[in-house]
Amino acid sequence: MTPAELSSALLSVLDAAVASGDLDVPADRLPASVTIERPRSAEHGDYATNVALQLAKSAGRPPREVASVLATRIQALPGIAAVDVAGPGFLNITLEAAAQGELARTIVGEGEAYGRGATMSGVRVNVEFISANPNGPLHLGHTRWAAVGDSIARVLEAAGADVAREFYINDRGVQMDRFGESLREAANGRPAPEDGYHGGYITDLAAAIVADHPEYLDLPAGEQLVVFREAGYVLQLKQQQDVLTLFRTEFDVWYSERSLYESGAVERGLVTLREQGHSYELDGALWLRTTDFDDDKDRVLIKSDGETTYFASDSAYYLDKRVRGFDINIYLLGADHHGYVNRLRAIAACAGDDPNVSIEVLIGQLVKMYRGGQEVRLSKRKGDIVTLEDLVDEVGVDAARYTLCRYPVDTPLSLDLDLLVKQTNDNPVYYVQYAHARISSLLRNAAELGLDVNLEDFDAGLLVHAREGDLLGSLGQFPRVVTGAAELREPHRVARYLEELASAYHKFYDSCRVLPRGDEEASPTHSARLVLCAATRQVLANGLALLGVTAPERM
RNA sequence: GCCCCCGUAGCUCAGUGGAUAGAGCAGCUGCCUUCUAAGCAGUUGGCCGCACGUUCGAAUCGUGCCGGGGGCGCCA
């Protein structure tokens, strides 16, 4: 029996109790679903529900009395071993071993589909993340969004949503010109301009461009800026794309800011905003009245000198996403962009959308990094940067992705590079991966003994050990963890869950022998445990896949 | 000044209003002649920043303080 099945069974019990008059609760006070949770302590049974506590007021009776009415009826359900009323009115439910053990069969049968759901089926979601300027390598901040954004997309897909991963290329504006200028100066053997970029990558890029196009150096300075800027753009974007592929983060859409202008999207966007009546002219500039929607000041779309602002691009970009038919547009932005939240929401509102539905801005706190006990400062201008590529070289894709996904994004993150470099079990990713490798090895050994994972002869009632019960209980939580992570856009819940599951497995492994020893005959218990192992391996693999981390067969 | 985030064990951090607040690391102590010891078991460690409020029940929700970080542009 899965937790979901138990929950709906309890709802039926509730309805029956009300229908028969045992409980007097108005129909509109009945819950839509019954919450089931795993008690922390084993003495509180396999599952617990607080439904009696919540209903006590509507029923006009003490919680324990409500609980006791329900307990009698729950006791009569198939697969229930015991029901206790505890504390202020909790119902603690213990399942029969066979009912609980059947979960292993369900998981092995469903395979990769176990944990996937349909709660967001039919919802079209755009997840935009990283969105860097193509004028330098992706740094550690971008790396956090790469790992988290991609995992959010994976978790949403697992919940049934139709997801597009999108990277907005900030390829317009003065930063690009500074980039071109810095490349030109480097190509000519001159130091970078005061407000330009200084990193070693500039020298390398400039050299690569000159190698391909020595004739660029013969052009006038103004033209050199343009050709170096454009050639650098192409090379740098390609480098970003390659490193993201290495990081297992694939985008469905690379959306160029320039293309908003070339395609007429900006024009169309300005027309839409004017039609909705929220733009106006003042002092020769065109403004959007975002203060109508919680922004603290109106924003300029077109400056008095005729230039469009970055905000105009943002508006046009949102309106273009809208035309493309997304129900929810998720933006992952750094903490230094929190001032953008209200104006992005105001864009949606000005366009006639409900920002509470169509726009979600996830503000992530910055990543700090320590090496040798000293904070590593990041500054792209100075070239003193730790790139995504550096991090992957040092700790590997798995450890990097897992570590970055393990924390909620609104927590500032401190990474100790020395610790990550060690690749010991200081890093929980190894603990989880080790569990998967351990099971894989065990299943290989089983195959050599001629034992297969056999669902036909599987006797769930043999899984009676306390550690087996704990493991089954943990396995049952997975679907709820996935939908919760999707709804809350918090993939770290998957990582934390996997650590719990791995722990439950290691404990089981320590006290329950799976394979027959020596000359021992293979018993039905051995077979049943083998199915339990296979189920655990499946859930570990499914969970790691949601984080973009590999599930190794051997370590 | 206004806005956002954070404050939980020595350190890094989990904890979607539930029962005795958890994990890893660090410290101490045990467990490998048979399935991976990257493991398991035990032990040490807490005014959940402070106060008041809402609730049957608050680390969690509200208000006010205190402390730390970040942000305010006809910049991009």
Side-chain angles (χ1 to χ4, degrees), chain A residues 35 37 39-41 43-44 48-50 53-54 56-57 62-63 86-90 92 133 170 172-178 257 282-287 296-305 307 309-311 313 334-342 363-366 368 370 406-416 419 423-435 437-446 448-449 480 484-485 487-488 490 492-493 495-496 499-500 502-503 505-518 520 526 529-530 533 554-555:
Chain A
T35 307
E37 45 183 39
R40 238 194 315 277
S41 159
E43 62 195 78
H44 294 144
T49 177
N50 60 356
L53 285 156
Q54 290 172 333
K57 195 168 266 180
F90 290 104
N92 292 336
N133 296 87
N170 281 267
R172 208 168 158 275
V174 304
Q175 294 301 335
M176 288 304 288
D177 285 338
R178 286 184 185 150
E257 182 184 356
L282 179 71
D283 299 337
L286 182 69
W287 298 69
D296 51 359
K297 63 182 68 170
D298 289 343
R299 304 291 166 178
V300 173
L301 290 163
I302 302 178
K303 294 188 266 183
S304 52
D305 64 5
E307 288 286 310
T309 61
Y310 198 82
F311 180 66
S313 303
D336 54 342
H337 286 67
H338 97 264
Y340 287 35
V341 176
N342 280 341
I363 295 296
Q365 296 299 310
L366 302 178
K368 281 185 189 172
Y370 296 83
R406 196 172 170 254
Y407 305 95
V409 287
D410 53 12
T411 312
L413 183 52
S414 306
L415 296 181
D416 184 340
L419 212 64
Q423 301 206 358
T424 66
N425 64 338
D426 292 1
N427 188 335
V429 67
Y430 296 107
Y431 183 78
V432 175
Q433 288 186 314
Y434 179 65
R438 207 176 205 190
I439 301 172
S440 300
S441 162
L442 194 150
L443 293 178
R444 281 193 299 272
N445 294 343
E448 277 182 27
L449 293 173
R480 173 193 274 241
E487 280 165 16
L488 297 164
E490 292 186 346
H492 77 274
R493 288 167 186 277
R496 300 290 173 162
E499 289 162 29
E500 273 179 41
S503 168
Y505 182 77
H506 288 310
K507 287 173 184 173
F508 154 79
Y509 181 91
D510 192 57
S511 38
C512 298
R513 176 79 195 187
V514 178
L515 299 179
R517 322 164 184 250
E520 200 182 348
H526 292 130
R529 285 177 174 170
L530 210 52
C533 287
R554 301 167 200 275
M555 286 175 77

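These values consider heavy atoms only, across backbone and side chains, with no hydrogens, waters or symmetry-generated copies. Being a predicted model, the structure only gives us computed values, none of them experimental. In what follows, every chain begins at residue 1, and chains take the letters A, B, ... in the order their sequences are listed.
With sequence neighbours excluded, no residue forms a salt bridge (charged side-chain N to carboxylate O under 4.0 Å, His left out) with A:R438. A:S440 meets the side chain to side chain donor-acceptor pair (under 3.5 Å) test with A:R537; sequence neighbours excluded. Applying the side chain to side chain donor-acceptor pair (under 3.5 Å) rule to A:D298 yields the partners A:Y280, A:T291; only residues at least two apart in sequence or on another chain are considered. Residues passing the ring-ring contact (aromatic ring centres under 6.0 Å, His included) test with A:H506 are A:Y431, A:Y434, sequence neighbours excluded. Looking at residues two or more places apart in sequence or on another chain, you find no salt bridge (charged side-chain N to carboxylate O under 4.0 Å, His left out) involving A:D410. For A:R299, the salt bridge (charged side-chain N to carboxylate O under 4.0 Å, His left out) partners two or more places apart in sequence, or in a different chain, are A:D295, A:D296. Residues passing the salt bridge (charged side-chain N to carboxylate O under 4.0 Å, His left out) test with A:E499, sequence neighbours excluded: A:R406. With sequence neighbours left out, the side-chain contact (heavy atoms from CB on, under 4.5 Å) criterion links A:V341 to A:R345, A:V361, A:I363. The ring-ring contact (aromatic ring centres under 6.0 Å, His included) check on A:Y505 picks up A:F508, with sequence neighbours excluded.
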Close N or O pairs between protein and nucleotides 33-37 of chain B (under 3.5 Å):
| from | atom 1 | to | atom 2 | distance (Å) |
| --- | --- | --- | --- | --- |
| B:rU34 | O4 | A:R517 | NH1 | 3.1 |
| B:rC35 | O4' | A:R513 | NH2 | 3.3 |
| B:rC35 | O3' | A:N445 | ND2 | 3.0 |
| B:rC35 | O2' | A:N445 | ND2 | 2.9 |
| B:rC35 | O2 | A:L515 | N | 3.3 |
| B:rC35 | N3 | A:V514 | N | 3.3 |
| B:rC35 | N4 | A:Y509 | O | 3.2 |
| B:rU36 | OP1 | A:S441 | OG | 2.7 |
| B:rU36 | OP1 | A:N445 | ND2 | 3.1 |
| B:rU36 | OP2 | A:S441 | OG | 3.1 |
| B:rU36 | O2' | A:Y434 | OH | 2.1 |
| B:rU36 | O2' | A:R438 | NE | 2.9 |
| B:rU36 | O4 | A:A437 | O | 3.2 |
| B:rU36 | O4 | A:M555 | N | 3.4 |
| B:rA37 | OP2 | A:R438 | NE | 3.4 |
| B:rA37 | OP2 | A:R438 | NH2 | 2.2 |

Each nucleotide N or O in nucleotides 53-57 of chain B that has a protein N or O under 3.5 Å away: list the pair and distance.
| from | atom 1 | to | atom 2 | distance (Å) |
| --- | --- | --- | --- | --- |
| B:rC56 | OP1 | A:K57 | NZ | 2.9 |

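Between A:R299 and B:rG73 there is a side-chain polar atom (N or O) within less than 4.0 angstrom of OP1 or OP2. Residue A:R40 has a polar side-chain atom (N or O) positioned under 4.0 Å from OP1 or OP2 of B:rG22. Contact annotation: A:K297 does not reach the phosphate of B:rC74 (side-chain N/O to OP1 or OP2, under 4.0 Å).
Side-chain atoms of A:H338 come within donor-acceptor range of the base of B:rC3, with a qualifying N/O pair under 3.5 Å.
If you check B:rG18, B:rG71, B:rA14 against the side chain of A:H492, the one that comes closest is B:rA14. Minimum atom distance to the side chain of A:H44 is reached by B:rA19, of the listed B:rA14, B:rU20, B:rA19.
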Dot-bracket, RNA chain B: Watson-Crick or G-U, under 3.5 angstrom, [ ] crossing, | other strand? (((((((..((((....[...)))).(((((.......))))).....(((((..]....))))))))))))....
